[in-house]
Amino acid sequence: MSLPRSFYERDTVAVARDLLGCLLIHQEKAGTAAGRIVEVEAYLRDDPAAHSYRGMTERNRAMFGPAGHAYVYRIYGLHTCVNVVTGAEGTGEAVLIRALEPVAGIGLMQARRGRDDLISLANGPGKLTEALGITIDLDGASLSCGPLWIDPPTTPVEEIVQTTRVGITKAADLPLRFYLKGSRYLSRR
DNA sequence: GTCCTGATCCTCT
DNA sequence: GAGGATCAGGACG
């Protein structure tokens, strides 16, 4: 059973923290692949680093849509990143999924990534979308009915570490990155 | 391990 | 026309 819409309609930082330990699952003809979320970042309203900061555009439209949907975008012309839209519709807040611990469909993930070591299969936002086969087609897709969804944790969730976000130049001092302490599958420490 | 670079392209200025 | 919420590979120590 996947997380209900009400899970995503809460405060974005609370959703970000609660997503840690959950399972991100993508199912398609090639098979099903899933990973345990070990690292996320929150992007808020009035946050200069957020894509929504300068208002709605064609690219970030999904970020202003209803909670519990995916916001998928392409970065640097060649990589894809996936977010979960949070909060009330129209606020433009979301949580970026940054790293996964491979759990299921590992052979499929290895084939898609073209490498075998489990650590680097999904330890980065561009890597995990490649490993799970998440493409720009899923931008705006519901996480309640479709090939992409999130399940609650199946094992105890470790201690959460809160720190600054990765790879941004604006609002770089805000502590809006969260990860599971001690995980070997982080994009960085 | 750290640092640097090239790849690659669409969006917004 | 500039600049990314990135990745991989190479040089170097």
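What you are looking at is a predicted structure, and each value in this text was computed from that prediction instead of being measured. Lettering of chains follows the sequences in order, A, B, ..., and the numbering in each one begins at 1.
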* Any donor-acceptor pair under 3.5 Å joining the side chain of Y73(A) to the base of dA5(C)? -> yes

* Quiz item: cation-pi between R45(A) and Y53(A), 6.0 Å / 45° -> no

* Structure fact -> Of P125(A) and R74(A), the one whose nearest nucleotide on DNA chain C sits closer to the 5' end is R74(A)

* Atom CG of N60(A) and atom C1' of dT13(B): how far apart are they, to the nearest Å? -> 15 Å

* Asked: Where the side chain of Y76(A) is defined as all heavy atoms beyond and including C-beta, which of dA5(C), dT11(B), dT6(C) is the nearest nucleotide?
  -> dT6(C)

* Determine whether more than 12 heavy atoms belonging to other residues, nucleotides or ligands lie under 6.0 Å from atom CZ of R10(A). => yes

* Structure fact -> I75(A) CD1 to dC9(B) P, in whole Å, measures 14 Å

* To do: Check the distance between dT6(C)'s C1' and H51(A)'s NE2 and give it to me in whole angstrom.
  => 12 Å

* Asked: Between dT8(B) and dG1(C), how far is it from one P atom to the other, in whole Å?
  -> 22 Å

* To do: Please check the phosphate of dG4(C) (OP1 and OP2 only) for any side-chain N or O of K170(A) closer than 4.0 Å.
  => no

* Check whether any side-chain N or O of S52(A) sits under 3.5 Å from a backbone N or O of G92(A) as a donor-acceptor pair, and report yes or no. => yes

* The side chain of R59(A) lies closest to which of these nucleotides: dC7(C), dG4(C), dT11(B)? -> dT11(B)

* Taking the same atom, C1', in dG3(C) and in dG6(B), what whole-Å distance lies between them? -> 16 Å

* Asked: Just how far, in rounded Å, is C1' of dG4(C) from NE2 of H79(A)?
  -> 12 Å

* **Geometric cation-pi criterion, R61(A) with F64(A): 6.0 Å, 45°** => no

* How many Å lie between CG on N123(A) and C1' on dA8(C), as a whole number? -> 12 Å

